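Because the structure is predicted, anything quoted here is derived from the model rather than measured.
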Amino acid sequence: MGYRVAVFGAYGHTGRFVMAELRERGFDALPVGRDARQLAVFGLGYRVASVDDPASLDAALTGADAVINCAGPFASTAAGVIEAALRAGIPYVDVAAEIEANLDTFAHFTERAHAAGVAVVPAMAFFGGLGDLLATTAMGDWTSADEAHVAYGLSSWHPTAGTVAAGVVSRERRDGRRVRYTGGRLEYQPGGELPRTDWDFPAPLGRRTVLGEFTMADVVTIPRHLAIPEIRTYMTVDATTDLAAAAAPVAVDELGRSAQTFTVDVIVRRGDARRRVVATGRDIYAVSAPLAVEAVRRVLDGRTRTSGVASAGEMFDAPDFLRALSPAIRVEPVSD
Ligand SMILES: NC(=O)c1ccc[n+]([C@@H]2O[C@H](COP(=O)([O-])OP(=O)(O)OC[C@H]3O[C@@H](n4cnc5c(N)ncnc54)[C@H](OP(=O)(O)O)[C@@H]3O)[C@@H](O)[C@H]2O)c1
């Protein structure tokens, strides 16, 4: 063990969960960020660095074995931290949920990361990473499918300031349009009301009204490596109402987790055949920590399936990865 892992954005809500997870698992966690006062709270050695100052990032990553970027919006931070990881020759993992920022990571760094032999795993978190691992697991021996559906059943969604800011950045980049994945590509359409439908989640959640075309980062991660031309993501309407109200999450346990629970229901369809895998757990920010840290662990151990920039399902053995997340995330196949 003894690997040193730098966490950029360590004192943010998600960064704190990642710092705790690293320490719990015996890593040497190195807090990095732009505010020395907030970094000092960890009571550890820390490094002050800014994405506008590459030399500060180089100094911050000196001696680190990997870096996890938790500082969002990632439209502002991902490229600078990936550049620094490439200069340092160390793996990079981030928790970006921004569709366009994740696309940029694939577009700008795939060749260079591959040539450098450096693993770069964007969206290695609840949105993007988990859906990809579940869809990959549901596919099993299928190499293609007609459709993938990822339905998010959140009991509530009190967003952090980072989530709200990322939403603003993404909306600005889309210029009021909405995005969906159809015909094997992302399609931008005029904005407007998202379609509503009912989704039958497994018990105990049961039937819930969801917004369709509530498009999340899974539409970037899944089609990187699975031939599925239609990918839809859905969100419980109650959670979207909370999201719009933007009240911050409230910690209710000693780990800092909120009372929020989640069910992620993934269905892939090929012809008349359907395969389904369901994940449940608590607090989408908290569970992003075991997702990101397990990814770093596997990259550092060489338990990877490819090199360069890759999504979770492409980089790792998805069923094995999901098993390692238990009990933080419980995963079950469901037969219809
Ligand atoms: N994919 C997922 O499922 C998932 C899960 C969790 C989080 N996220 C994403 O992760 C991001 C952070 O979320 P959060 O919950 O931790 O939010 P947060 O509590 O608001 O924390 C944001 C952190 O990012 C830092 N930061 C922001 N812009 C920065 C910049 N330009 N340079 C350096 N540091 C910067 C902030 O530092 P300052 O205080 O110095 O600004 C703070 O430490 C959001 O974009 C969120 O959407 C995604």
Side-chain angles (χ1 to χ4, degrees), residues 72-75 78-79 94-110 122-136 138-139 142-154 157 163-199 209-237 239-240 243-244 264-271 274-275 309-314:
F74 291 86
D94 75 34
V95 299
E98 296 150 62
I99 290 169
E100 288 78 6
N102 285 320
L103 286 170
D104 284 348
T105 295
F106 282 103
H108 297 153
F109 294 102
T110 294
M124 192 57 251
F126 180 79
F127 293 116
L130 180 59
D132 185 22
L133 291 167
L134 292 168
T136 307
M139 290 286 282
W142 291 356
T143 53
S144 64
D146 299 322
E147 298 169 357
H149 302 267
V150 182
Y152 289 102
L154 306 189
W157 187 359
T163 294
V164 174
V168 170
V169 168
S170 294
R171 277 194 296 281
E172 281 170 2
R173 290 185 74 163
R174 288 174 205 157
D175 200 15
R177 295 168 302 164
R178 64 187 215 239
V179 62
R180 63 177 186 169
Y181 191 85
T182 183
R185 62 183 189 84
L186 275 181
E187 183 181 272
Y188 286 84
Q189 291 201 322
E193 291 270 303
L194 296 180
R196 286 177 184 234
T197 185
D198 286 338
W199 186 274
T209 304
V210 294
L211 287 186
E213 296 183 26
F214 194 90
T215 305
M216 302 305 286
D218 313 289
V219 302
V220 179
T221 52
I222 294 172
R224 294 303 305 181
H225 63 110
L226 295 174
I228 308 177
E230 302 292 326
I231 302 174
R232 308 261 186 280
T233 60
Y234 309 79
M235 179 65 68
T236 34
V237 166
T240 64
L243 184 60
V264 186
D265 189 0
V266 174
I267 294 174
V268 291
R269 184 184 68 76
R270 193 175 69 171
R274 286 178 11 139
R275 290 178 174 177
V309 188
S311 68
E314 183 181 16

[X] and [Y]: which non-hydrogen atoms are nearest, and at how many Å?
| X | Y | value |
| --- | --- | --- |
| Met139 | Ile228 | SD-CD1, 3.9 Å |
| Ala310 | Pro122 | O-CD, 3.5 Å |
| Pro223 | Ile231 | CD-CD1, 3.5 Å |
| Leu154 | Thr236 | N-OG1, 3.1 Å |
| Val268 | Ala135 | CG1-O, 4.4 Å |
| Ala166 | Pro73 | N-CG, 3.9 Å |

Answer yes or no: is there an ion pair linking Asp146 with Arg270, defined by an N-O contact shorter than 4.0 Å? no
Please tell me if the side chains of [X] and [Y] come closer than 4.5 Å, counting only heavy atoms from C-beta onward.
| X | Y | answer |
| --- | --- | --- |
| His225 | Asp132 | yes |
| Leu186 | Leu103 | yes |
| Ile99 | Val219 | yes |
| Trp199 | Ile267 | yes |
| Val150 | Leu134 | no |
| Asn102 | Asp94 | yes |
| Thr240 | Leu194 | no |
| Val210 | Val237 | no |

Which residues pass the salt bridge (charged side-chain N to carboxylate O under 4.0 Å, His left out) test with [X], not counting sequence neighbours?
| X | answer |
| --- | --- |
| Arg173 | Asp104 |
| Arg171 | none |
| Glu230 | Arg232 |

Testing the 3.5 Å rule here: is there a donor-acceptor pair between the side chains of Thr233 and Asp218? no
Strictly by modelled atom types, are His149 and Asp265 linked by a side-chain donor-acceptor pair under 3.5 Å? no
Cation-pi check, Arg224 onto Phe106 ring (under 6.0 Å, within 45° of axis): yes
For Arg196, is the CZ atom crowded, meaning more than 12 foreign heavy atoms sit under 6.0 Å from it? no
Pairs involving residues 184-195, ordered by first then second residue, that meet salt bridge (charged side-chain N to carboxylate O under 4.0 Å, His left out) (sequence neighbours left out): Arg180-Glu187
So, using ring pair (Phe, Tyr, Trp, His ring centres under 6.0 Å) as the criterion, who are the partners of Phe126 when residues are at least two apart? Tyr152, Phe262
Holding to ring pair (Phe, Tyr, Trp, His ring centres under 6.0 Å), I want the full list of residues that pass it with Phe74, two or more places apart in sequence or in another chain. none
Enter the distance from Leu133:CG to Ser311:OG here, rounded to the nearest 0.5 Å. 8.0 Å
Could you measure the distance from the OG1 atom of Thr105 to the CD atom of Glu98? Nearest 0.5 Å is fine. 9.5 Å
Give a yes or no on whether the ring-centroid distance for Phe127 and Trp157 is below 6.0 angstrom. yes
